Amino acid sequence: MTGTPEEVDPEEVDPQDVDPQDVALELDCRALMCPLPIIELARHVGDVAVGDVIAVVATDVAARHDVPAWCRMRGHDFLGEDSAADGAPRFRVRRVA
């Protein structure tokens with residue numbers, strides 16, 4: 001063993017194996033209505049490294065459909081929905097490219 005961490009290809013990581021707490025950036029979009037949470041996600045996805053996770057906390061009900069659809073259109077991985085500390089919906093996205 002060399003003591004250096006093994007690099008992992010993000011495409012080989014199963015989204016279910018990603019720890020929900022391993023979020024590089026969390027966007028607070030609680031007060032924003034459609035399409036603003038998606039616009040914020042698009043503006044900030046480049047702020048995290050490829051393979052990192054960005055989370056969008058959004059209370060707008062449209063985000064539940066919009067975030068996965070945006071991921072499909074842009075080629076990123078939608079990792080699922082969990083909850084922020086206050087119970088607000090939080091949508092996790094892994095940057096692919």
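The structure presented is a predicted model; accordingly, all values stated were derived computationally and were not measured.
Side-chain atoms of V53 and V48, non-hydrogen and from C-beta on, never get closer than 4.5 Å to each other. Annotation: side chain of R72 is not in contact with side chain of F78 (no heavy-atom distance under 4.5 Å). Contact check for V50 versus V96: no side-chain heavy atoms found under the 4.5 Å cut-off. The shortest side-chain heavy-atom distance between D66 and C34 falls under the 4.5 Å cut-off. Annotation: side chain of I54 is not in contact with side chain of F91 (no heavy-atom distance under 4.5 Å). The closest side-chain heavy-atom distance from L79 to V93 is not below 4.5 Å.
Without hydrogens or angle criteria, R95 side chain to A97 main chain gives a donor-acceptor distance under 3.5 Å.
Identified under the side-chain hydrogen bond (donor to acceptor under 3.5 Å, both in side chains) test for residues 56-65, with sequence neighbours left out: R64-E81. Residues in residues 25-36 take part in these salt bridge (charged side-chain N to carboxylate O under 4.0 Å, His left out) pairs, two or more places apart or across chains: E26-R90, D28-R30, R30-D86.
Here R43 pairs with E40 under the side-chain hydrogen bond (donor to acceptor under 3.5 Å, both in side chains) rule; sequence neighbours left out. Residues forming a side-chain hydrogen bond (donor to acceptor under 3.5 Å, both in side chains) with D52 (at least two apart in sequence, or on another chain): none. Residues passing the side chain to side chain contact (heavy atoms under 4.5 Å, CB included) test with L36 are L32, I39, sequence neighbours excluded.
In this structure, V57 is not a member of the same hydrophobic cluster as L27, with clusters built from ILVMFWY side-chain heavy atoms closer than 4.5 Å.
Atoms CE and CD1, on M73 and I38 in that order, are 8.0 Å from each other to the nearest 0.5 Å.
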